[in-house]
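Worksheet: the structure to be examined is printed underneath.
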Amino acid sequence: MSEAGSEHKRRASLAPRRATPRLAAGRARALGLPTRGTTNANRLRRVDRWIQATQVPRLRDAARPLVVDLGYGSSAVTTLELAERLAPEVPGLEVVGLEIDPARVAAVADDRDPPRVDFRVGGFELAGLSPVLVRAFNVLRQYDEASAARAWETMCAALGPGGVLVEGTCDEWGRRATWVALDADGPLTLTLAARVADLDRPSDLAERLPKALIHHNVPGRPVHALLQALDAAWAAAAGLSTFGPRQRWTAAVQALADDGWPLVGSTRRWRHGELTVRWSAVAPA
Ligand SMILES: C[S@@+](CC[C@H](N)C(=O)[O-])C[C@H]1O[C@@H](n2cnc3c(N)ncnc32)[C@H](O)[C@@H]1O
């Protein structure tokens with residue numbers, strides 16, 4: 001088990017399992033451990049576009065449209081981008097970046113502009129906040145699978161009513177990404193998103209699967225079957241390459257839908273190099 005994993009396990013075992021502590025912001029003990037802070041401008045554009053396309057009604061309907069960006073890393077850039085992307089569509093939007101590393105919170109003091117954008121120390125308990133949306137990107141990759149599962153539980157228990165957690169992973173420049181959307185009852189969907197021009201085959205995304213799935217991408221497991229089916233459909237659509245890789249991706253995703261894979265959301269998302277599938281189709285057995 002990694003250092004972060006064993007420490008989180010130790011701390012999690014001290015905390016009540018269902019009833020996550022709901023201490024006032026600033027008093028909550030931050031759950032988790034600091035990890036590498038790597039981030040980059042525009043790295044999270046794919047998940048942000050998906051959030052814009054699918055989560056704005058949820059935020060608009062909320063009495064307090066509060067978004068948490070958990071584990072923003074060594075600079076404020078992706079939190080500020082999330083706020084800039086959502087603010088025009090969500091009146092009264094508040095975005096709070098949480099970091100478990102106090103030095104990283106101190107380092108972004110000049111970027112604070114509360115209540116529009118703020119930065120605080122916090123961990124999986126979400127610092128006592130009750131957000132409508134949590135984006136946690138490239139945070140759980142550095143924990144072991146069991147710790148990541150407990151982190152899901154802790155974050156989902158802290159969500160506000162009707163809230164959603166979007167937890168995922170991407171490469172350094174955001175060209176390959178995958179994420180899981182969860183609500184208080186558990187995982188809902190898995191999304192794959194890529195700059196499809198860079199893909200040899202869709203299963204190239206396997207290395208970016210969330211912690212909950214990455215060790216289950218082996219023959220006989222559902223997520224492996226999904227990636228294999230997508231590779232086969234991608235190969236069968238090779239003739240469409242002359243019209244561009246997005247056309248080829250769209251045709252491959254359509255083939256999966258035709259084969260009965262429970263795809264979710266607007267087919268327009270496919271043109272962005274995306275695919276969203278019901279969690280039940282990929283959940284580890
Ligand atoms: C790789 S950076 C990701 C930065 C940014 N989200 C991105 O995707 O570019 C991971 C950050 O998560 C922070 N982190 C790790 N565990 C955390 C936790 N339990 N709560 C809050 N932040 C955490 C680390 O300190 C680190 O700064």
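Remember, it's 1-based here, ligands and their atoms both numbered in the order they're listed.
The backbone N or O of Arg246 lies less than 3.5 Å from no partner atom in the side chain of Arg271, so there is not a single donor-acceptor pair. Asp231 places a side-chain N or O within 3.5 Å of a backbone atom of Ser203 that can act as its donor or acceptor partner. Using a distance-only test at 3.5 Å, with no hydrogens or angles considered, a donor-acceptor pair links the side chain of Lys211 to the main chain of Arg141.
For the atom pair Asp183 CG and Arg58 CZ, the distance stands at 7.5 Å (nearest 0.5 Å). The structure places CD of Glu125 at 4.5 Å from CG of Leu31, a figure rounded to the nearest 0.5 Å. Summarising the geometry, atom OG1 belonging to Thr169 is positioned 8.0 Å from atom CG belonging to Leu209; distances are rounded to the nearest 0.5 Å.
When all heavy atoms of Met155 and Phe124 are compared, the closest pair comes out as CG-O, 3.4 Å.
For a threshold of 3.5 Å applied to N or O pairs, the pair formed by Phe137 and ligand 1 contains at least one separation below that value. For ligand 1, the polar-atom distance check against Leu31 finds a nitrogen or oxygen pair separated by under 3.5 Å. Checked by distance only, ligand 1 and Arg104 come closer than 3.5 Å through their nitrogen or oxygen atoms. Among the atoms of Ser74, none of the N or O lies under 3.5 angstrom from an N or O of ligand 1. Between Asp69 and ligand 1, no N or O atom pair is found at a separation short of 3.5 Å.
Protein heavy atom closest to atom 16 (N) of ligand 1, with residue, atom name and distance, is Tyr143 OH, 2.7 Å. In terms of protein heavy atoms, atom 24 (C) of ligand 1 is closest to Thr35 OG1, 3.2 Å. Shortest contact from atom 9 (O) of ligand 1 to any protein heavy atom: Thr39 OG1, 2.6 Å. Looking at atom 23 (C) of ligand 1, its nearest protein heavy atom turns out to be Ile100 CG2, 3.6 Å.
Interface atoms of ligand 1 facing Arg36, defined by a heavy-atom separation under 4.0 Å, are 1 (C), 2 (S), 10 (C), 11 (C), 26 (C), 27 (O). Less than 4.0 angstrom separates some heavy atom of Gly32 from each of these atoms of ligand 1: 19 (N). Close contacts of ligand 1 with Gly37, meaning ligand atoms under 4.0 Å from a residue heavy atom, involve 2 (S), 26 (C), 27 (O). Distances below 4.0 Å separate heavy atoms of Gly122 from the following atoms of ligand 1: 20 (N), 21 (C). The atoms of ligand 1 that sit less than 4.0 Å from any heavy atom of Asn138 are 1 (C), 2 (S), 3 (C), 7 (C), 8 (O), 10 (C). Applying the 4.0 Å criterion to heavy atoms of Leu44 picks out, from ligand 1, the atoms 8 (O). With ligand atoms numbered from 1 in the order given, ligand 1 contributes 20 (N), 21 (C) to contacts under 4.0 Å with heavy atoms of Gly123. The distance from ligand 1 to the heavy atoms of Glu99 drops below 4.0 Å at these ligand atoms: 11 (C), 12 (O), 13 (C), 24 (C), 25 (O), 26 (C), 27 (O).
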Could you go through the side-chain contact (heavy atoms from CB on, under 4.5 Å) check for Arg45 and Arg175 one step at a time? CA-CA 9 Å; Arg45 62 194 177 282; Arg175 291 176 182 160; 3.9 Å; yes
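Residue Leu275 is grouped with residue Ile214 when hydrophobic side chains (ILVMFWY) are merged at heavy-atom distances under 4.5 angstrom, including chains of intermediate members. Hydrophobic clustering (side-chain heavy atoms under 4.5 Å, transitive across Ile, Leu, Val, Met, Phe, Trp, Tyr) keeps Trp179 apart from Trp261. When the side chains of ILVMFWY residues are joined at heavy-atom separations under 4.5 Å, either directly or via intervening members, Val282 and Trp270 end up in a single hydrophobic cluster.
Within 6.0 Å of the CG atom in Asp110, the count of heavy atoms belonging to other residues, nucleotides or ligands does not exceed 12.
Heavy-atom distances between Ala136 and ligand 1 stay at or above 4.0 Å for every pair. Under the 4.0 angstrom criterion for non-hydrogen atoms, Gln142 is in contact with ligand 1.
Counting heavy atoms under 4.0 Å from ligand 1, residue Leu33 touches it through the backbone alone. With a 4.0 Å heavy-atom cut-off, ligand 1 is reached by no atom of Arg141.
Considering each of Gly71, Pro34, Gly73, the one bringing a non-hydrogen atom nearest atom 6 (N) of ligand 1 is Gly71.
Electrostatic pairing of Arg135 and Asp48 counts as a salt bridge here, judged by a charged N lying under 4.0 Å from a carboxylate O.
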